[in-house]
Amino acid sequence: MTSAFDRLARPIQKWVRDQGWRELRDIQSRAAQIILGSEADIILAASTAGGKTEAAFLPLLSQLVDDADPRPGFDILYIAPLKALITDQARRLDDICGSAGIAVTPWHGDISSGVKARAIKNPKGVVLITPESLEALFIRRGLDIPRLFAATRAVVIDELHTVLDSERGIQMRSLLTRLELAVKRPIRRIGLSATLGDMVLARHYLRPDLADGVELVEARGGDAELRLQLRGYVQGTQDEGARAVTDAIADHLFGNLRGSDNLVFAGSRQAVEIYADRLRLRCEAAHLPQEFYPHHASLSREHRDFVERRLKDANLPTTAVCTSTLELGIDIGDVTSVAQIGAPFSVASCRQRLGRSGRREGRPAILRQYAVEAKVTAKSNFSDRLRLGLLRSIAAIELLLEGWCEPPQSDALHLSTLVHQILSIIAERGGVRADHLHKILCRDGPFRQVDTSVFVEVLRAIGSPDTRLIEQAGDGLLLLGPDGERLVEHYSFYAVFQTPEEYRLVAAGRELGTLPIDNLIAPGMLLIFSGRRWQVVEVHDHDRVIIVKPAAAGVPPIFGGDPGHIHDCVIERMLSVLESDHRPIYLDDAAWDLLAEARCNYADLQFGTTRIAWLSDNAAILATHAGTLKTITLALALRATGFTVQTHDGFLEVFGREASPPLNEVLANLAAGEEVDLFAHAPSLLFEKFHPYLTEPLLKLDALSARLQPEALPELCRQLICVADVRSA
DNA sequence: GACCTGCTGCGGCGTG
């Protein structure tokens, strides 16, 4: 067979040689053979900096050079979830395309309207766009879509793994369906991804109707040496004790990270502020130049750019104390080590973070995991005694080492995003019939879990006199109603995800960043923000602005957040770690003491032989051996039957009240399939952007599909009472 | 019990 390199177009070959590459990487050769030898859809899976972009684009651009399409229109559509990524990739592609005379157009909110207007007039080459800007194109220029994409041969979707089951991922898949409808032919899809946990599901996501036809090219081996340490810390119940742990961790970070580039994932924006402050003080005390900086989404763009530039600069040692802002693929170069404070929420993000270090040949990947546990007293709760945070850290590391990570959740209805896409299609076309809408979105598009009756209910809800998002014309055509019109006209419509309201924080005329409005802020209060200390001078509620001045002391603000979902496999692993007597080699002595203590307490509760630990006649701790979704579902079922329930990772603490029936009986009934009203205590059902326009029955369906697992309840309860029976018999 | 992401069209003003 002709080598992959030989099959590339001349100018592309020249570019490869100019890079000084001796040969194409394995993933690049294999991708080139498939792209140039077939029409197949492809997933290219490799770690950051694994050469995925070139693997897709070298052959695609070769096709443009050797076999140009005379029709007008963009030849290649590239979609990425971050503006920064588009800017980076446009620069790299410009370099390759320059000599081949192929146009490269970055397209997102920060690109000037002049560039966009020119591209619309004369569309060609590669366009790099965000899902939101593509959405805007459909809504504002619906009639131009067939012309703009008449010549498009391929859609390249970057960071596919981050959008698989998210609202934005569903939106993007809907847009791809609509694009193919507009040009009346399929367009090859190429997904670029980090290594995925479940490749079958990923293929299905890329091309639902022909998942088996999706070719998979994964980067082979090449895994760097991994150096791991899990350090245990115990914090007291007093404020003073809590500070002592923070200082101990800050001391360790300061001693080990100074002088090199590192990322410290602190877990929350508040923790980022605390640790950045502690580390700054240590530099000042030692009369050393500052090299520790905070980085999270509430900080001003200016400050974040500054930190990112420092990370890229090889001459300035820089450690960013950050949230998941620095987890995604923007180019900050290689870092020496990664630290993680507190247990990670998912194995997938843990892997993504670790992938930031050890990327260069011969350098190890280094992960320091800090586990902070509460000091146990006579009054301590069992969850503190079982050291659930430490266990989750261990479980995540073990699963990471085994190559596992969370698969996407595929059965959610995504009704909020469905409302968004209904409005968008009506706006794109001016009007559309209900049956046609159903065909585009539910039969051909990504909303296949939505059956006809639910779809009709959604249309009724958003067409009701209360909501007035849509209305029906005499000929049956669905049109935008007055409120729908107003919604779609505003630029805030294009994003499918929700964003909270915020104050802007300003010091000496410069914006430091933003704070959620639920912080109670008054003049005179002290704040830690952007790695420095401030005093509030003025609060302008109307303009949502807070003016601050430097201060000598401060407290970190509250940033809110939502509870995360822990996967079933992570919980199972936590329990098997508890039931084993093995000492993982990466634990330090303090962490090992904590684990040994947790194992003793687990045995004391008899959990080795039963899943129910009775606290009294009608109060117990249940070991659900299940992740957040199932555990929460059981908690709601028990609350509905009159119990007070507290939830923990994989455990429930259940207390009977005077009127509640015996817990044993309730569990037996649930095991037998008895139905209970999981929404008996009217929990809030508004989570997503377009939820406020839906009816309560629809909101419950949406919650049941994505946030609960009622179908798992009987089996979960059978397990609970079965294992309990074995013990009593 | 947490984090992140995105945005058009148009009017008004200054400058060359």
Side-chain angles (χ1 to χ4, degrees), chain A residues 79-87 107-117 120 129-142 158-159 161-163 166-172 175 263 265-273 294-299 301 304 321-330 340-346 348-350 352-353 372 374 383-384 388-389 392 417 420 424 427 487-500 502 514 516 558-566 570 627-628 631-632 635 646-651 687-689:
Chain A
I79 309 177
L82 298 176
K83 289 186 291 193
L85 201 52
I86 286 176
T87 309
W107 188 307
H108 55 65
D110 298 344
I111 301 293
S112 78
S113 51
V115 171
K116 294 174 184 169
I120 284 186
I129 198 165
T130 58
E132 288 73 20
S133 283
L134 186 58
E135 182 79 61
L137 263 183
F138 270 89
I139 290 171
R140 304 275 169 189
R141 313 227 168 227
D158 208 348
E159 306 279 6
H161 59 286
T162 67
V163 293
S166 69
E167 292 161 277
R168 286 177 97 193
I170 299 291
Q171 172 189 32
M172 199 174 62
L175 290 170
L263 297 179
F265 291 96
S268 70
R269 284 173 279 183
Q270 188 181 46
V272 165
E273 292 293 349
H295 191 286
H296 58 73
S298 295
L299 296 175
R301 188 68 255 174
R304 291 167 65 178
V321 185
C322 60
T323 57
S324 48
T325 37
L326 290 177
E327 187 175 307
L328 276 182
I330 54 167
Q340 159 99 21
I341 303 172
F345 281 90
S346 76
S349 79
C350 205
Q352 187 86 19
R353 291 171 182 186
V372 182
S383 62
D384 286 336
L388 295 180
R392 207 167 82 216
T417 309
H420 181 265
S424 170
L487 216 54
V488 171
E489 264 169 27
H490 197 264
Y491 63 83
S492 61
F493 177 75
Y494 308 124
V496 287
F497 53 88
Q498 182 98 280
T499 35
E502 293 173 319
T514 59
I558 299 158
F559 289 97
D562 18 59
H565 291 175
I566 312 288
V570 176
T628 311
T631 301
I632 293 277
Q646 283 169 20
T647 57
H648 307 271
D649 285 358
F651 292 90
F687 300 104
E688 294 176 19
K689 190 171 172 184

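Reminder, nothing fancy here: chain letters follow the sequence lines and each chain counts from 1.
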Practice prompt. Calculate the interatomic distance between A/Ile341 atom CD1 and B/dC3 atom P; express it in whole Å.
Written response: 14 Å
Practice prompt. Could I get the full list of salt bridge (Lys or Arg N to Asp or Glu O under 4.0 Å) partners for A/Arg353, not counting sequence neighbours?
Written response: A/Glu327
Discussion item. Holding to side-chain hydrogen bond (donor to acceptor under 3.5 Å, both in side chains), I want the full list of residues that pass it with A/Ser424, two or more places apart in sequence or in another chain.
Written reply: A/Glu135, A/Arg178
Can you name the atoms? Protein N/O to nucleotides 4-9 of chain B N/O, anything below 3.5 Å, with the distance.
| residue | atom | partner | partner atom | Å |
| --- | --- | --- | --- | --- |
| B/dC4 | OP1 | A/Ala297 | N | 2.7 |
| B/dC4 | OP1 | A/Thr323 | OG1 | 2.6 |
| B/dC4 | OP2 | A/Arg269 | NE | 3.2 |
| B/dT5 | OP1 | A/Arg304 | NH2 | 2.6 |
| B/dT5 | O3' | A/Pro81 | O | 3.4 |
| B/dT5 | O2 | A/Arg168 | NH1 | 3.3 |
| B/dG6 | OP1 | A/Lys83 | N | 2.5 |
| B/dG6 | O3' | A/Thr130 | OG1 | 3.3 |
| B/dC7 | OP1 | A/Gly109 | N | 3.0 |
| B/dC7 | OP1 | A/Thr130 | OG1 | 2.7 |
| B/dC7 | OP1 | A/Ser133 | OG | 2.8 |
| B/dC7 | OP2 | A/Gly109 | N | 3.2 |
| B/dC7 | O2 | A/Tyr491 | O | 2.3 |
| B/dC7 | O2 | A/Ser492 | N | 3.2 |
| B/dT8 | OP1 | A/Ser133 | OG | 3.3 |
| B/dT8 | OP2 | A/Lys116 | NZ | 3.4 |

Worksheet entry | Partner set under salt bridge (Lys or Arg N to Asp or Glu O under 4.0 Å) for A/Asp649, not counting sequence neighbours | A/Arg392
Practice prompt. For A/Gln646, check side-chain hydrogen bond (donor to acceptor under 3.5 Å, both in side chains) against everything at least two apart and list the hits.
Written response: none
Worksheet item: Checking all strands, does A/Gly564 fall into the base, sugar-phosphate, or nothing category for heavy-atom contacts under 4.0 angstrom?
Response: base
Worksheet entry | Side-chain donor-acceptor pair present, A/Glu167, A/His420, cut-off under 3.5 Å | no
Using nucleotides 14-16 of chain B, report all nitrogen or oxygen pairs with the protein that are shorter than 3.5 Å.
none

Fill in: A/Ser492: side-chain hydrogen bond (donor to acceptor under 3.5 Å, both in side chains) partners, not counting sequence neighbours
A/His490
Worksheet entry | Partner residues of A/Lys689 under the salt bridge (Lys or Arg N to Asp or Glu O under 4.0 Å) criterion, sequence neighbours left out | none
Practice prompt. Mind checking side-chain hydrogen bond (donor to acceptor under 3.5 Å, both in side chains) for A/Ser324 and listing every partner two or more places apart, or none if nothing turns up?
Written response: none
